[in-house]
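See below for the structure under consideration.
Just so it is clear: chains get the letters A, B, ... in the order the sequence lines come, proteins before strands, and each one is counted from 1.
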Number of protein chains: 2
Amino acid sequence: MAVTIKDIAKQAGVSPATVSRVLSGQAAFYSEKTAKKVKKTAKKLGYQKNTAAVELVTRRSKVIAVIVSSTKTNFSDQIIDGIQQEAGEHDLNVIILYAGEKDPQMERKALETVIERSVMGILLVAVNLNSVNENLLVNANIPYQFLSITLKNRKLPFITSDDFQIGYQATKYLIDKGHSKIGFAAADLDSVTGQLRLDGYHQAMADNGLQLNSAWVCGGDFAYEDGVNAMKQYGREPEVTAVIASSDLAAIGVMNQAQDYGLKIPTDLAVMSVDGTKLCSIVRPQLTSVTQEFFEMGVRGMQQIISQPTKAAKSAFTPFKIIARQSV
Amino acid sequence: MAVTIKDIAKQAGVSPATVSRVLSGQAAFYSEKTAKKVKKTAKKLGYQKNTAAVELVTRRSKVIAVIVSSTKTNFSDQIIDGIQQEAGEHDLNVIILYAGEKDPQMERKALETVIERSVMGILLVAVNLNSVNENLLVNANIPYQFLSITLKNRKLPFITSDDFQIGYQATKYLIDKGHSKIGFAAADLDSVTGQLRLDGYHQAMADNGLQLNSAWVCGGDFAYEDGVNAMKQYGREPEVTAVIASSDLAAIGVMNQAQDYGLKIPTDLAVMSVDGTKLCSIVRPQLTSVTQEFFEMGVRGMQQIISQPTKAAKSAFTPFKIIARQSV
DNA sequence: TAGTAAAACACAAACGTTTGTGATGTTGAT
DNA sequence: ATCAACATCACAAACGTTTGTGTTTTACTA
């Protein structure tokens, strides 16, 4: 069986209490001499602390749980990088759990595993909980923060981009480039995120006195296939001269299908994507995109968690910008 | 403070022992009547089990840790999916930790966090430990398995594709298509994986009586940029008529740079990638690839962990196949 | 009805740490 | 030499479970 602080205590001829204090660096409780002795025998015996015991008595843990929906978009890496960086600076450990795709069962399981362990904080990226799971989370009394999603329940704290503005600015950008028949593709219109972007799109069209056409908006789930399907709906000789796809992958789907139809991008059709991950500069033509600050989302999310419970978690927007590449 | 089994015991008028046995479903230790009563009050009080306490006394945990190097290739999702599926069937929880890119510091931290918690098993995907960390892992007395990597130390159990064969078969495929001047790009030549693929490439060339040219092999780190750089080295009028890139992203780098040089793919240059992730069918032209069975890697890795300590972990190869698309 | 076996439950120790408090030893001033 | 003040350490309780074993209740047999 594993070596405990009692073993160290016995070997070093001190009490377990002293060993504990030395190992956790509580200064002013021991002499340098015993500290050295303790540390040496600890190393010699190959001591590994038992976190279960620690957490049992201290009732807190140094791990941050990130629950991500294994969405088919691919920005979560950046968010996690941000989380990791911020966590590293505070000596926190990050664990990541996949919660499937809109799978309440898996979401529940993920939530339970982290709540049982009473982690220090829970970050949920791009996951939308049903009310049962939402209760589970809220009642757990653990700081939490939603990331990269706009929630119906405005009382829940989330950090994301301003989806209305994304829709608005993307549309305006295309209008400024001379387009007036603009498609809106692949967003999940049942989600608040998708709905807000659509609102922004509508508003921008209206503000510029442009006609709307319901055939120009194609819902979906932000996936590659949704982009393909949208383009199929627009057809070989599309009425629209530009389309806004709600994710990079979806935009690629639009482009590929358009090219299969023999359309040239951006001359025959301009394509604009939302997200701005590395994919945009890897595909040809490179995708002009609404680029979100995912890394910062992660950082800010962590900061919110850390500052609790002093300050309550707040919702916030992270900035975004439009980066021109080749596709419009 | 949180509600414990003692609270439930008091409310239900039974002993904590009984509550424990009811809640963990140890049949034949209680009557149906009390079971019902206990479960009801547990739910009423909103009981959440304290995993720290459980693990402290049982000395085992139901979590599988997956340590992934946040490599810039992108196959780990598939591996994790496989792990998750297999874990789900055995009521195990999986947590994922990022260990940076060849960052011994982060690797150590990740290892320590999971060892301290004495997880049930450790899966390492695409991470290569230095000897210090290797010792840490081995001495922890926790089942472990390396995935998607070939190790120098053959005593460590790893599950991956046969890298020699990947190199050999990819080369042979191109030779069969009529190519005789073949580039080998973006593999990490300091890694066993890269070296084996290179050996396979050499062997296939030799077996077919073809000349080698050291200028045709360009090392790297499996990244997009390495593909770009390799192509830059081959130049505007490359001697090679085909190139094998050691990852999908690298292959895309090769293709993009080749196209920037005005080369047509596959007519002027054939490109073949290794991995076969979804990226292959998303880029244009679609990438012909050596497709690995990453999902199965995850599944098999989990199975190895689960079957321990009955059976010792063994190394094994997962199959791969060549999928023809458009790039050769 | 008495006796007994089985079923249902309770007691208490144990897991490995942290931490409040009390005990001992040391130092220096008077 | 005395004593306060402080530094150094040990004691022991507590965290919330699980589980081996002992105790009570129930049910059944004769």
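The phosphate of D:dA10 has OP1 or OP2 within less than 4.0 Å of a side-chain N or O from A:Ser15. Dashed line: the shortest gap from a side-chain N or O of B:Arg59 to OP1 or OP2 of C:dA14 is not under 4.0 Å.
Across the protein-nucleic acid pair, A:Lys49 atom NZ and C:dG16 atom C1' stand 12 Å apart, rounded to whole Å. Between the CD1 atom of A:Ile5 and the C1' atom of D:dA12 there is a distance of 13 Å, rounded to whole Å. Regarding A:Lys62, its NZ atom lies at a distance of 15 Å from the C1' atom of C:dT17, rounded to whole Å. If you measure from atom CG of A:Asn50 to atom P of D:dG16, you get 16 Å, rounded to the nearest angstrom. We find that CG of B:Leu56 is positioned 7 Å from P of C:dG16, with the value rounded to whole Å. When the C1' atom of C:dT19 is taken as reference, atom CD of A:Glu55 falls 17 Å away, rounded to whole Å.
Contacts of residues 29-37 of chain A with DNA chain C (heavy atom under 4.0 Å): none. Contacts between residues 16-25 of chain B and DNA chain C, counted as heavy-atom distances below 4.0 Å, involve B:Ala17, B:Thr18, B:Arg21.
Closest non-hydrogen pair, B:Val192 versus B:Leu151, comes out as CG2-C, 4.0 Å.
One N or O on the side chain of B:Asn133 and one on the backbone of B:Pro104 form a donor-acceptor pair closer than 3.5 Å.
Within the nucleic acid shown, B:Gln26 comes within 4.0 Å of sugar-phosphate atoms alone, with no base atom in reach, counting heavy atoms only.
Along DNA chain C, the nucleotide nearest B:Val14 and the nucleotide nearest B:Thr58 are compared for position; the residue whose nucleotide lies closer to the 5' end is B:Val14.
Relative to the side chain of B:Ala53, the nucleotides C:dT18, C:dG16, D:dG16 differ in distance, and D:dG16 lies closest. In the set D:dT19, D:dA10, C:dT17, C:dT17 carries the atom at the smallest distance from any side-chain atom of A:Thr4.
No cation-pi contact links A:Arg21 to A:Tyr30, judged by a cut-off of 6.0 Å to the six-membered ring centre and 45° from its axis.
In summary, of the residues considered (B:Val299, B:Ile305, B:Leu123), a side-chain contact (heavy atoms from CB on, under 4.5 Å) with B:Ile83 occurs for B:Leu123 alone.
For A:Lys155 and A:Glu134, the salt-bridge test fails: no basic side-chain N is under 4.0 Å from an acidic carboxylate O. A salt bridge links A:Asp188 to A:Lys102: at least one charged side-chain nitrogen sits closer than 4.0 Å to a carboxylate oxygen.
Counted by atom type alone, A:Gln11 and A:Thr41 present zero donor-acceptor pairs between their side chains at under 3.5 Å.
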Q: Kindly determine whether A:Leu92 and A:Ile306 satisfy side chain to side chain contact (heavy atoms under 4.5 Å, CB included), including the steps that lead there.
A: CA-CA 10 Å; A:Leu92 265 20; A:Ile306 291 171; 4.2 Å; yes
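Rounded to the nearest 0.5 Å, atoms CE (A:Met120) and CD (A:Gln308) are 9.5 Å apart.
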